[in-house]
Structures are given as C-alpha cells and as structure tokens.
Asks: 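First the structure, which I've put down as structure tokens, then a few questions once you've had a look.
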Amino acid sequence: MNYWLLKSEPDTYSIDDLARDPQHAEHWDGVRNYQARNMMRDQMKLGDQAFFYHSNCKEPGIVGIMEIVRESYPDFTAHDPASNYYDPKSDPDNPRWYMVDVRHVRTLKRTITLTELKAQAPLAEMPLVRRGNRLSIMPVSAEQWRYILTLA
DNA sequence: GCCAACGTTGGC
DNA sequence: GCCAACGTTGGC
C-alpha cells in the first residue's frame, strides 16, 4: 500500500465538503500538472491512503485522511467548457487528464500545520516542506506517514 | 496583495 | 532544442 498527500484549497473544496458528501466520497478532479497526473494515474492504487492538505489558506496543513476507492480514469471536467478545469487541448478520445475517487476516512482533531511539519527533522525530505515545491500530489513514505500521525 | 519559484508555451 | 515571456501556485 502507498501513502500520498493531496492538496486542495479549502475555499474550493475542503475536508468538510468531503465529509459532508452522502457517500463521504468524491472524485479528485482538476489535477492539471503532468508530474502529479503521472503519479495519480500510474501509482495510485485502490486502498492507498492519503492526507488531505489545505493549501492557500489561513492555516495551511494536514487536516484529515482519505482512502483511494477508485483508481484513475479520465477527468471529465477537462472536456466541460463550463468547468474551471476545462482544457480545450485535451482530446476526449485521448484524455490528457485523470482523476481518482477518494473516500473520507477521518478528520483530524486539529490541523497539523505546515509550520509544525517544517520543524520536524524526520520530515525534512518531504517535498512539501522544501522550498518552492508546488506539487499538488506527492508520495509520502510509510515512515513519514506514521510519524505524522504521532503528531496528530 | 506580494512575490519567489516553478511549469508551460511558443517563436526562433 | 533553447529560452524568454507568461501564467500559476501558494506561503507569508
């Protein structure tokens, strides 16, 4: 099993939105970066777990845990002109972008803030805490996963 | 709102 | 294939 960290801006889609969904599950759409797409498309497997990370907000950090409940399939929002994620260059017959389905596992009692994560020596290698990293999907090692959970 | 860092685009 | 210009991300 693999572990991941998925970023979302809470103003757009928050952990509460996911928890509120009747199925507690949603498609993770709008990934428009090739590196992130490749990881999602090629390495994200059913049953993998992922941290839900709130970005670009007052208190950026890890707020919850999700599980991958459907492996990658074409991101239909890329072909919807009304969508913010519309990509006219993506051919529906040869989709450029993919998404997975995630299920809410639990919301942490508190946010593990980016500031706090940056202060942890065992997490120094995480792309998240490294300068200038903007990947919206990144792998988390089993060691890092366990360590982060001890902070919660 | 600022701006550094990074990815993408497209002319050449 | 290079690289300047531009757009986006996301912390602060």
Side-chain angles (χ1 to χ4, degrees), chain A residues 2-21 26-44 48-68 71-141 143-145 147-152:
Chain A
N2 300 311
Y3 298 100
W4 304 94
L5 181 143
L6 307 183
K7 290 184 189 174
S8 181
E9 302 190 12
D11 288 349
T12 305
Y13 193 74
S14 75
I15 184 91
D16 293 335
D17 293 324
L18 181 61
R20 197 180 297 131
D21 187 277
E26 253 303 353
H27 48 265
W28 198 266
D29 60 17
V31 174
R32 297 290 180 271
N33 169 282
Y34 288 103
Q35 214 182 329
R37 178 207 67 183
N38 291 347
M39 286 189 281
M40 189 169 63
R41 186 190 58 189
D42 304 334
Q43 296 172 46
M44 221 175 252
D48 282 0
Q49 292 202 294
F51 287 127
F52 196 126
Y53 178 90
H54 280 174
S55 68
N56 203 10
C57 57
K58 191 181 273 185
E59 195 176 50
I62 293 171
V63 294
I65 295 172
M66 300 178 279
E67 180 186 350
I68 308 303
E71 292 180 11
S72 69
Y73 59 104
D75 182 342
F76 51 78
T77 64
H79 310 124
D80 174 6
S83 169
N84 286 337
Y85 303 123
Y86 179 55
D87 179 2
K89 293 186 204 154
S90 178
D91 175 2
D93 293 328
N94 184 20
R96 179 181 296 193
W97 305 114
Y98 286 79
M99 58 189 179
V100 297
D101 288 356
V102 297
R103 177 178 68 84
H104 179 267
V105 174
R106 66 187 170 98
T107 300
L108 300 182
K109 291 193 182 68
R110 65 179 191 90
T111 302
I112 306 173
T113 65
L114 178 60
T115 309
E116 195 178 347
L117 293 166
K118 280 181 169 171
Q120 308 296 325
L123 303 179
E125 298 305 314
M126 283 189 83
L128 182 72
V129 303
R130 304 192 80 103
R131 190 178 157 79
N133 192 284
R134 304 183 322 184
L135 268 184
S136 62
I137 295 179
M138 60 185 81
V140 176
S141 74
E143 291 75 19
Q144 289 163 350
W145 180 272
Y147 183 81
I148 290 167
L149 285 179
T150 68
L151 303 173

Asks: More than 12 non-hydrogen atoms from neighbouring residues, nucleotides or ligands closer than 6.0 Å to CD on A/Gln43, yes or no?
Replies: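 Correct, the count exceeds 12.
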Asks: Compare all side-chain heavy atoms of A/Arg103 with those of A/Asp101 and state whether any distance is below 4.5 angstrom.
Replies: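 They are not in side-chain contact.
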Asks: Do A/Arg96 and A/Asp87 meet the salt-bridge criterion of a basic N to acidic O distance under 4.0 Å?
Replies: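 Salt bridge between A/Asp87 and A/Arg96, a charged N being under 4.0 Å from a carboxylate O: yes.
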Asks: Give the B/S/- string for nucleotides 6-11 of chain B, one per nucleotide from 5' to 3', where a protein heavy atom under 4.0 Å of the base yields B, of only the sugar-phosphate yields S, and otherwise -.
Replies: BSSS--
Asks: Take the angle between the ring planes of A/Tyr34 and A/Trp97 and call it parallel below 30°, perpendicular above 60°, tilted in between.
Replies: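 It falls in the tilted class, 30° to 60°.
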Asks: Specify the closest pair of heavy atoms between A/Met44 and A/Trp4, including all atoms of both residues, with the distance to one decimal.
Replies: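 Looking at all heavy atoms of both residues, the closest pair is CG-NE1, 3.6 Å.
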